[in-house]
Amino acid sequence: MTPPETTRDSTRQPSFEDALEALVVSAFANNERVEGEWQIVTPLTAAPNWLVTVEKVYDDEEPAYDPDLLE
């Protein structure tokens, strides 16, 4: 996720991206499963269903730690 280009107003509610980032980071820190695919079915026929995919990616740089030890 890319950081916002402007400073966020602290009185404003977090965006979806902010909330999603916090959820993923918190789950990872608590050793919960983060990677996967989930289908969210809404109960309303007029509302869309959602397919959410989360996958782990690494920067091109070599990490200073062994990522396998964290999993």
Side-chain angles (χ1 to χ4, degrees):
M1 290 185 222
T2 57
E5 293 182 15
T6 60
T7 304
R8 183 174 296 280
D9 179 359
S10 62
T11 61
R12 194 170 141 220
Q13 289 290 334
S15 69
F16 173 78
E17 186 175 331
D18 293 337
L20 180 60
E21 181 177 352
L23 175 66
V24 169
V25 171
S26 176
F28 178 75
N30 289 315
N31 202 29
E32 296 178 34
R33 185 179 101 160
V34 176
E35 274 189 296
E37 186 172 282
W38 296 267
Q39 183 172 3
I40 300 168
V41 178
T42 56
L44 305 172
T45 56
N49 295 326
W50 300 94
L51 180 63
V52 178
T53 304
V54 177
E55 62 183 81
K56 177 178 16 181
V57 294
Y58 293 101
D59 291 336
D60 289 338
E61 298 177 17
E62 193 67 32
Y65 59 89
D66 184 357
D68 292 329
L69 290 177
L70 296 177
E71 293 180 6

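Along the sequence shown, the residues carry numbers beginning at 1.
- Following chains of ILVMFWY side-chain contacts shorter than 4.5 Å, one cannot reach Tyr58 starting from Val25, and the two form parts of different hydrophobic clusters.
- Residue Glu32 qualifies as enclosed at atom CD: its count of foreign heavy atoms under 6.0 Å is above 12.
- The hydrophobic clustering, which links ILVMFWY residues whose side-chain heavy atoms are closer than 4.5 Å, places Leu51 and Val24 apart.
- Side-chain contact between Ile40 and Val52: present, with at least one pair of heavy atoms (C-beta onward) separated by less than 4.5 Å.
- Minimum heavy-atom separation, Thr42 to Pro48: OG1-O, 3.0 Å.
- We find the CG-CG distance between Asp18 and Leu23 to be 12.5 Å, quoted to the nearest 0.5 Å.
- Of the possible polar contacts, none joining the Glu35 side chain to the Val54 backbone as a donor-acceptor pair under 3.5 Å is found.
- The number of heavy-atom neighbours closer than 6.0 Å to CH2 of Trp38, taken from other residues, nucleotides and ligands shown, is above 12.
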